[in-house]
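In this text the structure is predicted, and so the values were computed from the model without any measurement.
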Amino acid sequence: GHMEVVVGTSMGFLYVLDCFGTALPGWPVQMGEVQGQALALDINSDGEVEIFAADTRGNVAAFAVSGEEVWSRHVKSLVAHGAMAGD
């Protein structure tokens, strides 16, 4: 298959783009300013990849590939760096 690209913007948009640079259905989603790298992995072990991102307003969220929000939290602090995952 073809790979996708995930990118957040200073205007607060989180995009998933196909191999031709076209936004996938359901994208972009609106957040606050995204400074760190987004993370793409199966966060909840359901066999599907989720997209995780954080913004400078302290919001952290996971989205399904469809762009639907899986969960979100507010961490009461600016998040300027990309996320890491561990098991």
For this session: Please list, chain by chain and in numerical order, all residues satisfying side chain to side chain donor-acceptor pair (under 3.5 Å) with S72, sequence neighbours excluded.
Result: E69

For this session: Group every Ile, Leu, Val, Met, Phe, Trp and Tyr by side-chain heavy-atom contacts under 4.5 Å, then state whether V49 and V7 land in the same group.
Result: no

Exercise. Heavy-atom distance under 4.5 Å between the side chains of V60 and W71, does that happen here?
Worked result: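 In contact.
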
Exercise. Under 4.5 Å between any side-chain heavy atoms of F63 and V29, yes or no?
Worked result: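 Yes. Closest side-chain heavy atoms under 4.5 Å.
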
Problem set entry | Qualifying side-chain hydrogen bond (donor to acceptor under 3.5 Å, both in side chains) pairs, either residue in residues 38-61, two or more places apart | D55-N59, N59-H74

For this session: Kindly give the cluster partners of L78, where membership spreads through any ILVMFWY side chain lying under 4.5 Å from a current member.
Result: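 Members alongside L78: none; it stands by itself.
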
For [X] versus [Y], what's the shortest heavy-atom pair and its separation?
X	Y	value
M11	Q30	O-NE2, 3.3 Å
M31	A53	CE-O, 3.6 Å
V79	A54	CG1-CB, 3.3 Å

Exercise. What residues, two or more places apart in sequence or in another chain, satisfy side-chain contact (heavy atoms from CB on, under 4.5 Å) together with V16?
Worked result: E4, V6, L24, W27, I51

For residues 33-41, run the donor-acceptor check on the side chains, cut-off 3.5 Å, and write out each pair with its distance to 0.1 Å, sequence neighbours left out.
| residue | atom | partner | partner atom | Å |
| --- | --- | --- | --- | --- |
| E33 | OE2 | Q35 | NE2 | 3.2 |

